[in-house]
Amino acid sequence: MIKNRIKVLRAERDWTQEELAQRVGVSRQAIISIEKYKYTPSLELAFMIAKVFQVAITDVFAQEAEKDE
């Protein structure tokens with residue numbers, strides 16, 4: 001699973017989901033789905049999100065290790 005810090009980064013900047021969506025050119029629903037892990041963004045969108053936050057992509061997204069059963 002790909003984890004993300006979008007909600008935290010938005011809060012640090014006092015941005016709404018709508019504001020972030022407008023900055024990256026997607027719908028608010030897309031941002032909601034990414035934050036709730038219902039949608040994994042394309043690599044292009046992931047880079048765009050990192051760019052608007054002015055951070056490295058690894059500061060926004062990280063792969064969570066799979067748990068062995």
Side-chain angles (χ1 to χ4, degrees):
M1 170 184 261
I2 303 295
K3 292 291 206 172
N4 72 71
R5 297 182 59 242
I6 294 174
K7 191 172 185 176
V8 171
L9 293 166
R10 279 193 313 98
E12 289 174 356
R13 289 154 180 81
D14 200 30
W15 293 352
T16 65
Q17 291 169 330
E18 181 66 31
E19 287 172 314
L20 176 58
Q22 288 175 358
R23 289 171 189 262
V24 296
V26 298
S27 68
R28 183 178 62 86
Q29 290 78 12
I31 299 300
I32 292 168
S33 294
I34 295 167
E35 286 185 358
K36 291 185 175 186
Y37 305 105
K38 293 184 179 190
Y39 170 70
T40 301
S42 68
L43 188 55
E44 182 178 10
L45 179 54
F47 273 105
M48 288 172 52
I49 291 169
K51 184 177 180 178
V52 300
F53 285 128
Q54 298 181 337
V55 297
I57 194 168
T58 54
D59 291 333
V60 183
F61 299 96
Q63 185 174 18
E64 183 179 83
E66 303 255 342
K67 296 179 183 174
D68 292 332
E69 292 184 25

Path from V60 to I32 over hydrophobic side-chain contacts below 4.5 Å: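 Different clusters: V60 never reaches I32 through Ile, Leu, Val, Met, Phe, Trp or Tyr contacts under 4.5 Å.
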
Could you pull out every donor-acceptor pair under 3.5 Å between side chains of residues 6-22 and any protein atom, sequence neighbours left out?
{"unit_1": "R10", "atom_1": "NE", "unit_2": "E35", "atom_2": "OE2", "d": "2.6"}
{"unit_1": "R10", "atom_1": "NH1", "unit_2": "W15", "atom_2": "O", "d": "2.8"}
{"unit_1": "R10", "atom_1": "NH2", "unit_2": "E35", "atom_2": "OE1", "d": "3.4"}
{"unit_1": "R10", "atom_1": "NH2", "unit_2": "E35", "atom_2": "OE2", "d": "3.2"}
{"unit_1": "R13", "atom_1": "NH1", "unit_2": "L9", "atom_2": "O", "d": "3.0"}
{"unit_1": "R13", "atom_1": "NH2", "unit_2": "F53", "atom_2": "O", "d": "2.9"}
{"unit_1": "T16", "atom_1": "OG1", "unit_2": "E18", "atom_2": "N", "d": "3.4"}
{"unit_1": "T16", "atom_1": "OG1", "unit_2": "E19", "atom_2": "N", "d": "3.0"}
{"unit_1": "Q17", "atom_1": "NE2", "unit_2": "E35", "atom_2": "OE1", "d": "2.9"}
{"unit_1": "E18", "atom_1": "OE2", "unit_2": "Q22", "atom_2": "NE2", "d": "3.1"}
{"unit_1": "E19", "atom_1": "OE1", "unit_2": "T16", "atom_2": "N", "d": "2.7"}

Trace of the side chain to side chain contact (heavy atoms under 4.5 Å, CB included) decision for I34 with I49: CA-CA 11 Å; I34 295 167; I49 291 169; 4.2 Å; yes

Considering only distance and modelled atom types, tabulate donor-acceptor pairs under 3.5 Å from the side chains of residues 38-47, sequence neighbours left out.
{"unit_1": "S42", "atom_1": "OG", "unit_2": "L45", "atom_2": "N", "d": "3.0"}

